[in-house]
Every structure is written in C-alpha cells, then in structure tokens.
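Written below as structure tokens is the structure these notes are about.
Being a predicted model, the structure only gives us computed values, none of them experimental.
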Amino acid sequence: MRQLNFLLIFSFGLAAVTFTLENTEPTTVHFLPGMATTLPLAVLLLLVGGIGATAAWIFAVWSGVVKKVETLQESGELEAQQVRIQELENDLQRYRATVDAQLSLLPAAGGSSAPSAARAETMSVD
C-alpha cells in the first residue's frame, strides 16, 4: 500500500512540475473591482490548489473534532442508559419479590373452591 501511495504522490508531483514548466505565460487575476495582479498561470493554479488543499485539511480536522465530541456525548448517554437499565432491573426484582410474597399469602385456589362447588351441586340437585 505504501508503494501505491508513493507512486501516486510521485506521479502527481511530476505532473505538477511538468505543468509548471509548460505554462509560464503571465495571467491577470481580478480579485475585486480595481484590484488586479499578474502572475504566471502555473503559479496561480498551484496557489489555488494549495488553498484548496488547506481548506480540505481544515474541513477534515473540523469533522474529526465534531465526530469526537459526538462520540463523547454518546458515551455519556450510554452510561446514563446503563444506569437506568440497572435501576429498572432492580425495581423489577423488588416487584417480583413483592408479588411472590403476596401470592404465598393467598389461600390455595384448589382447596377453597372444591367445597363450595360441591355445595352448589347438592343445592341444585335438591
């Protein structure tokens, strides 16, 4: 991969040098009304390319900073969610224990309903 990167950079540099040597004609650049300067075409294009590369680098750095801030915020939110999940699990265990305790206090369903069902049958037969 390093060889490929070197080959690309070397080719780009060689093309830039060749372009510079072939394009030495002066070119007038108008910045604002009344402001103009004359530069060789190659210098102008290399200058504009350098400004563009610098702007791309600044944008990449800014994007990295924004991504890092978002990652830190998400990690804080994730920790808060984990704490909330733990609280809810504790509540669930406490509610289960309460329900189990209340169920053990209730009379058995089979024992109490059988005599009343037998009485209801004897009443309906008479």
Item to check | Other cluster members, L41 - Ile/Leu/Val/Met/Phe/Trp/Tyr, side-chain contacts below 4.5 Å | outcome: F19, L45
Next on the checklist: My understanding is that only residues two or more places apart in sequence, or in another chain, count here; which of them pass side-chain hydrogen bond (donor to acceptor under 3.5 Å, both in side chains) with N90?
Outcome noted: Q86
Item to check | Verify same cluster id: L32, L47 (apolar side-chain graph, 4.5 Å) | outcome: no
Checklist outcome for this item: V29 meets the side chain to side chain contact (heavy atoms under 4.5 Å, CB included) criterion, sequence neighbours left out, with F31, T37, L44
Item to check | Counterpart residues, side-chain hydrogen bond (donor to acceptor under 3.5 Å, both in side chains), relative to D91 (two or more places apart) | outcome: R94
Checklist entry - Which residues satisfy the side chain to side chain contact (heavy atoms under 4.5 Å, CB included) test with I85, sequence neighbours excluded? => result E89
For residues 49-74, which side-chain N or O atoms pair as donor and acceptor with protein atoms under 3.5 Å away, sequence neighbours left out?
from: T54; atom 1: OG1; to: G50; atom 2: O; distance (Å): 2.8
from: S63; atom 1: OG; to: F59; atom 2: O; distance (Å): 3.0
from: T71; atom 1: OG1; to: K67; atom 2: O; distance (Å): 2.8

Item to check | Connected-component partners of F12 among ILVMFWY, side-chain separation under 4.5 Å | outcome: none
Checklist outcome for this item: For L78, the side chain to side chain contact (heavy atoms under 4.5 Å, CB included) test, sequence neighbours excluded, returns Q81, Q82
Next on the checklist: Testing the basics here: between P40 and T24, what is the closest heavy-atom pair and its distance to 0.1 Å?
Outcome noted: CB-O, 4.0 Å
Checklist entry - Can you name the residues that form a side-chain hydrogen bond (donor to acceptor under 3.5 Å, both in side chains) with R2, not counting sequence neighbours? => result none
Item to check | By side chain to side chain contact (heavy atoms under 4.5 Å, CB included) - contacts of T38 (at least two apart) | outcome: P26, T28
Next on the checklist: Counting only heavy atoms from other residues, nucleotides and ligands, does the tally under 6.0 Å from CD of E22 exceed 12?
Outcome noted: no
Checklist outcome for this item: So the salt bridge (charged side-chain N to carboxylate O under 4.0 Å, His left out) pairs with at least one residue in residues 76-88 (sequence neighbours excluded) are R84-E87
Checklist entry - In the hydrophobic clustering (ILVMFWY, side-chain contacts below 4.5 Å, transitive), which residues join Y95, or is it alone? => result none
